[in-house]
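Notes to accompany the following structure.
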Amino acid sequence: MVPLWMYLFVAAALFCIGAYGVFARRNAVAILMGIELMLNAVNINLVAFWRYQTPFVMSGQVFAAFVFVVAAAEAAVGLAIIISIYRNRRSVIVEDVDLLKW
Amino acid sequence: MQLPSLSELNLGLTVPALSLALWACILLVIDLFIPRDRKSVTAWLAAGGVVFAFIANLLVYRDPGVAFMGLFVADEFAGFLNIVVLLTAFIAILMSVDYLKRTGIERGEYYVLLLMTTSGIMFMNSANDLAVVFIALELLSIPLYVLAAFRAPEERSEEAGLKYFILGAFASAFFVFGAALIYGATGSSSLPVIVDAVGRALAGEGSSLLLLLMGSGLILAGLGFKVAVVPFHMWTPDVYEGAPTPVTAFMSVGAKVGGFAALLRILLVALPALTVAEGDAVAGWQTATWVVAALTLILGNIVAISQTNIKRLLAYSSIAHAGYVLMAVAAAGTPGVSDQATRAALIYLMAYMFTNLGAFAVAMAIEKDDGSGTSLDDFKGLGRSRPLLAAIMAVFMLSLTGIPLTAGFVGKWVVFQATIEAGLYTLAVIGVLTSVISAFYYVRVIVNMFLEDGEGDPAAAATPYVQWAIYLTFAGTLVLGIIPSLVTNLSGPVALAVASLVP
């Protein structure tokens, strides 16, 4: 069987790739994709921990299912806001969205 | 597998939070049948839902218990914070009715979203499991993203929504990654079970300690974002400035209450025994929280000085106030002081709720229909044209500074007391010094109102409902300030709330 730390390693790598995407991408949709990657990394973690540590208690799996639902809800709201901005400014590049500054 | 029966779920205890979420769904349908020019009916129906939840909360509050097989706990701690949140929601609805009408964004979904996020905060107050904290956090956040962008297609509001959304979703990913690591280290996501597992993890091999430390660090970062403390505060001024003012007022109090409720419950119920080295007297998260609190106090108060817009000023001031509450959280890491520090945090949150909502209500009253009129210069001459409004605003500013006879003073007093009691002298000194700095920018608002001549007549958009909101918060600020024993006495509601959290 594949050892637990390998799953954790993949999840941590995926989380970091997602975080890098949030920082490095300029397109709001790509940033949203980065956030989704981070949430999927969490799911790998949750399911791996569930399988290796508490396989007879459902809580890890259920937690992962809730993360799916929340990720979908977040994407829906995020895309709606992005579309609304696109209609106004014909751009989804976050650097163009810069009216508010101190 | 044996499924629990309905009576075992104790659904009655969840009525306050659940009724609000259900009522929001029903209201969404009712709203379709309300004609476009009479949307204030939706506002009153929403306010009715808040009042119902308030009464239900008072009833549940007298008979605490655990629902959903331990996932949801209705104790005095949750009950007390629910009162704070429901008052906030009620005042926010009062502030919204006329504001939405005069700025042309009167749509029924507004109130539905407001009720949704309120119920999210109430679930957060009661959450007893990391998974429930996460769902409640999202139920709190997602409607707020929409509310921040509610003035769309106005560009600044959309921008506020986008910024809040990207950074908020980013932060919740951190929170839930931390929750997953803690679940991995302890084998459970239930807070009361985690506390036992922490002891075993500390005694055992090093890898689960590492997971625990990383997990609690990520959770601190995720919740720190929600309550806007310093390295995670960048979104606050932009979102507060761009969002519609009643939303800003609600967000500045509600999101903080929910965030601190979850933070206190996770730190004090699940992780009180988490120490870096075995045998340490204080909790391992104390150092992290006090450093963050100190940074928050310094940066929030100093940057606020250079602000020229009242909404941005109050945004930085709200960052600073999150720092004062976090001072109390840090103090709670010392065993023996936990109860006193938690009491201080709760009193501070209540005092801050009245004062900050009031300050935003006055700022909203002088705001113009197109969203301008929020610069500090617009306060010039207000003392002559609207003496009562200006005098009340002056009291709010003094309360935010922490001058005696106002609620803010009581809050700061108990927080500093708890910090000193916990032996965090440096932090207490930083707190006092930054309070002095804060007087500088709060008093400038008062000076602008009474001593400067205004070029234009400050607009008088203080409609009856807004005035009620102002009087209500004004009364709260003064009553708490003049009779602090209402909240500080050792058998009162706050003490009960603390006793239910800290054994």
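Computed from heavy atoms alone, side chains included, the values below leave out hydrogens, waters and symmetry copies. All figures in this text were calculated on a predicted structure; none of them were measured in a lab. A, B, ... follow the sequence lines: proteins, then strands. Residue 1 opens every chain.
Of the listed residues (A:Ile82, A:Val42, A:Ile31, A:Val22), the one with the most heavy-atom contacts under 4.5 Å to chain B is A:Val42. Put simply, of B:Ala149, B:Ala152, B:Pro153, the one with the most heavy-atom pairs under 4.5 Å next to chain A is B:Pro153.
The nearest pair of heavy atoms linking B:Val269 to B:Pro192 is CG1-N, 4.3 Å. Taking all atoms of both residues into account, the shortest heavy-atom contact from B:Ala320 to B:Asn301 is CB-OD1, 3.4 Å. Closest of all the heavy-atom pairs between B:Ala148 and B:Tyr164 is CB-CD2, 4.3 Å.
Proximity to chain B (any heavy atom under 4.5 Å) is shown, for A:Ala48, by neither the backbone nor the side chain. For A:Phe56, no part lies near chain B; criterion is any non-hydrogen pair under 4.5 Å. Contacts between B:Tyr145 and chain A at a heavy-atom distance below 4.5 Å involve backbone atoms as well as side-chain atoms. Contact of A:Leu32 with chain B is made through the side chain alone, with heavy-atom distances under 4.5 Å. In this structure, chain B has heavy atoms under 4.5 Å from both the backbone and the side chain of A:Val67. Heavy atoms of A:Trp50 lying under 4.5 Å from chain B belong to its backbone as well as its side chain. Heavy-atom distances place both the backbone and the side chain of A:Ile85 under 4.5 Å from chain B. Proximity to chain B (any heavy atom under 4.5 Å) is restricted, for A:Arg89, to the side chain, taken from C-beta onward.
A salt bridge is defined here as a Lys NZ or Arg NE, NH1 or NH2 lying under 4.0 Å from an Asp or Glu carboxylate O, and B:Arg151 with B:Glu159 fails to meet this definition.
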Going by atom type alone, with no hydrogens or angles, which donor-acceptor pairs under 3.5 Å involve a side-chain atom of residues 167-183 of chain B and a protein atom two or more places apart or on another chain?
residue, atom, partner, partner atom, Å
B:Ser172, OG, A:Glu74, OE2, 3.4
B:Ser172, OG, B:Glu138, OE2, 2.9
B:Ser172, OG, B:Gly168, O, 2.8
B:Ser172, OG, B:Ala169, O, 3.3
B:Tyr183, OH, A:Thr54, OG1, 3.0
B:Tyr183, OH, A:Gly60, N, 3.2

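For B:Arg312 and B:Tyr240, the positive end is not near the middle of the six-membered ring at less than 6.0 Å and at most 45° from its axis.
Checked against the 6.0 Å centroid threshold, A:Phe49 and A:Tyr7 do not count as a close aromatic pair.
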